[in-house]
Amino acid sequence: MSLDILTAQVFTGIVIGAIYALVAGGLSLIFGVLGVTNFAHGAFYMLGAYAGIFLLGYTGNFWIVLVAAPLLVGILALVLEAGLIRPLYTRGLDASLVVTYALSLVIVEVVKLVWGKGPQPFPTPPFLGGAVNLGFTVFPRYRLFVVLCTAVVMALVWWGLNRTTIGLAIRAASQDRLVTEALGIDISRVLAVAFGLGVALAGIGGVLSAPIRGVFPDMGLDVLIESFVVVVIGGMGSIAGVVLSGLLIGVATSLTALLVPALSQAVIFVVMIGVLLVRPQGLVPADSE
Amino acid sequence: MSGAERVRLTRRQVLRTATAGAVAAIVKPLRAIAYAAPAQTLRIGFLSPLTGPYAEEASDQVRGATLAIEEQNKGGGVVGRQVELLVRDDQLRPAEGSRRTLELIERERVNFIAGSLSAAVQLAINEVTKRDKMLFVSVSQSDKITMPPDFSPWTFHEALTPWMTSTALARYVLPGGRGKRIYLLISDYAYGHEHAAAWRRVIKEAGAEEVGADLHPLGTTDYSSFFPKLAASRADVLVLANFGGDTLNSLKQASEFGIKRRMQITVPIIPLTTALGAGVEVIADITCASSYYWEVQRENAAAREFNTKFSRRFSRVPSDYAGYAYSGVTEILEAVKRVNSTDPTAVAKTMEGHPYSHYKGQQTWRACDHQSVQSIYLLKGRTQLVGPYGLFEVLSTVDGAKVIPSCETLGHKA
């Protein structure tokens with residue numbers, strides 16, 4: 001086995017990991033701040049892709065779609081938050097599990113009614129089509145773009161959480177809601193923003209992966225499971241942890257595909273078990289950030 | 001014991017008796033209706049993975065079966081009875097398939113079973129129908145179902161087998177393929193393994209060389225990690241032995257990685273439903289085999305008639321899986337008419353060796369393994385879509401009799 005293949009394999013894994021991290025980031029944010037395990041996250045991811053198809057049909061411009069589709073999904077999330085999610089804040093994890101799972105079923109069925117059960121084509125934007133020769137391997141331009149996008153989005157999220165007033169409020173709310181409220185911060189608005197942001201991240205993930213993985217109503221299912229694994233490995237509620245664990249899983253998947261291909265999907269669970277045995281709190285626990 | 005309590009006991013007893021009487025009065029006639037119903041209508045249980053990755057193909061199966069039943073009912077029913085289709089979702093899971101089948105047989109008292117869209121699920125259904133001596137027409141691909149020990153005297157296989165499909169396709173792709181380098185990417189379950197086995201036989205027969213093979217888990221969403229090794233193998237031909245959504249993703253991603261430009265990609269089957277979801281640029285130049293493609297109507301009057309009927313009813317052209325389901329269900333009902341009985345053994349006997357033509361020209365049930373011997377169409381993706389459904393051009397038509405394994409090969413007595 002040549003060094004080129006090994007390098008290519010690790011590189012491929014990092015790119016897969018970037019997509020993992022992007023989608024799992026929103027899930028982690030929602031859990032960290034709201035204490036809600038969002039089982040509808042996969043459905044929002046799917047909705048992002050369908051919003052993308054809808055908007056692409058209208059505008060024909062990928063850039064507009066890339067911004068507007070997650071925005072649309074985020075706005076929908078704000079509406080749903082007010083009606084469905086808010087009553088969950090004072091209840092246990094079991095209530096949020098049932099409600100968000102039910103929500104995901106409703107979203108998927110509505111999408112099936114509107115667009116049908118079958119896959120929908122989502123072309124790669126022409127200016128990002130084709131492959132680039134990186135020396136050790138030939139790599140699709142679009143995937144490199146996805147990594148760049150992920151890096152930018154994750155950096156923005158980190159900056160927003162750590163360097164802005166609203167970010168400060170979100171972080172405060174995740175630590176102690178009562179005290180935060182006592183300091184005169186409108187807590188329900190802060191939580192709504194955090195939920196909308198988390199869902200919008202799923203939406204971006206959906207749009208970005210649409211040209212790679214295709215668009216179909218059940219596309220969120222696998223992603224939901226993968227995202228939960230990534231969040232658990234990274235440490236529930238930690239953005240840095242999600243990035244780290246996304247990359248770890250991506251590389252593990254890729255190397256397994258080279259050595260024992262049939263296990264390439266099962267390996268993420270092996271990694272999860274291994275990490276939890278050594279570090280039950282995850283790679284980067286939320287309170288260490 | 002106080003008087004009040006005694007009164008309450010008596011009242012409870014009265015209530016109990018009254019309720020029991022009322023329930024009996026209502027239920028008795030209801031039960032009479034429930035038991036009378038199956039005697040009047042002829043019931044066909046149809047299993048299909050309506051949820052899951054093959055949902056779109058499954059919906060088209062149901063359309064095909066529905067059309068078959070509606071036609072028979074319009075013509076006055078079968079042996080004086082109306083026909084009823086009971087559709088059940090097997091969720092693409094063998095355990096669910098066998099549970100649903102048992103339910104159809106025992107609770108719904110169906111006369112026949114048809115359907116399935118998985119090499120694995122149909123074997124689970126077959127296990128139940130074989131034990132209960134129930135007639136089952138499978139409408140999706142499997143080799144095993146035609147071979148002992150799975151072979152059942154009451155099971156018929158309307159779909160092509162992986163052996164037939166991949167042999168026909170491989171012989172076309174590798175004509176005198178001495179020295180050609182082949183790479184196989186195989187979906188890791190019965191379907192993928194059976195197609196890969198057929199490819200390997202032809203690779204040997206043609207003197208070509210297998211330079212690599214990888215198994216991928218069913219339902220893999222990202223194939224990029226399989227590509228560095230694949231690209232370095234300098235293969236001439238890449239065989240994607242997978243189905244539905246897996247084909248769609250692996251094809252799309254392979255062309256992104258520039259693999260499509262470097263090697264010829266071929267897929268055993270791309271159902272029309274999958275191809276439409278992939279879009280023309282993904283399907284372009286890909287070769288595949290099929291039991292049916294609507295454009296064969298140019299030189300096939302039976303196909304023309306079927307397309308017309310189907311699109312009049314559902315406002316779309318039938319896919320290959322709609323064709324299988326239509327033909328399989330129609331053939332059961334035609335066989336019932338021939339023997340004027342719904343006895344599974346009598347119906348099975350009359351089907352054995354019988355020629356029929358319901359949607360694409362003549363087919364024959366081979367007596368030894370109950371495989372439908374039929375034509376296979378080799379297709380190639382167009383670079384430009386022709387009309388809303390014109391994704392493929394027909395390369396050639398292969399006579400199924402030329403690629404079917406002999407009865408002895410499959411383990412049957414000749």
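Lettering follows sequence order; numbering is per chain, from 1. Note that the structure is a prediction, hence the values are computed from the model and not measured.
With a 4.5 angstrom heavy-atom cutoff, B:Ser59 touches chain A only via side-chain atoms. When heavy atoms are compared at a cutoff of 4.5 Å, A:Phe122 approaches chain B solely by way of its backbone atoms N, CA, C and O. Neither the backbone nor the side chain of A:Arg141 comes within contact range of chain B, judged by heavy atoms closer than 4.5 Å. Contact of B:Ile259 with chain A is not made at all, since no heavy-atom distance falls under 4.5 Å. No part of B:Leu185 comes within reach of chain A, as not one of its non-hydrogen atoms sits under 4.5 angstrom from that chain.
Between the side chain of B:Glu256 and the backbone N or O of A:Ala131, no donor-acceptor pair lies under 3.5 Å. The closest donor-acceptor contact from the side chain of B:Lys229 to the backbone of A:Ile5 lies at 3.5 Å or more, if one exists at all.
In this structure, A:Gln265 CD and B:Leu218 CG are separated by 8.5 Å, a value rounded to the nearest 0.5 Å. Separation of atoms CD (A:Gln9) and CZ (B:Phe227) is listed at 11.0 Å; rounding is to 0.5 Å.
Chain B forms the most heavy-atom pairs under 4.5 Å with one residue out of A:Ala262, A:Pro123, A:Ala8, A:Gly129, and that residue is A:Ala262. Between chain A and the residues B:Leu276, B:Asp214, B:Thr51, the largest count of heavy-atom pairs under 4.5 Å involves B:Asp214. Ranked by non-hydrogen atom pairs under 4.5 Å with chain A, the options B:Gly258, B:Gly219, B:Ala278, B:Gly244 are led by B:Gly219. For the set A:Phe11, A:Phe216, A:Phe139, the entry with the most heavy-atom pairs within less than 4.5 Å of chain B is A:Phe139. For the options B:Ser250, B:Ser224, B:Ala232, B:Ala231, heavy-atom pairs under 4.5 Å to chain A are most numerous at B:Ser224. Interface summary for chain A: among B:Pro217, B:Ala55, B:Ala58, the most heavy-atom pairs under 4.5 angstrom belong to B:Pro217. In terms of non-hydrogen atom pairs under 4.5 Å with chain B, the most contact-rich of A:Gly116, A:Pro261, A:Gly13, A:Ala257 is A:Pro261.
Put simply, the side chain of B:Asp222 does not reach to within 4.5 Å of the side chain of A:Glu226, judged on heavy atoms. Looking at heavy atoms from C-beta onward, A:Pro121 lies out of side-chain contact with B:Val282 at the 4.5 angstrom threshold.
Scanning all heavy atoms of the two residues, the minimum distance from B:Lys252 to A:Pro211 falls at CE-O, 2.8 Å.
Atom CZ of A:Phe145 has more than 12 heavy atoms from other residues, nucleotides or ligands within 6.0 Å. Within 6.0 Å of the OH atom in A:Tyr58, the count of heavy atoms belonging to other residues, nucleotides or ligands does not exceed 12.
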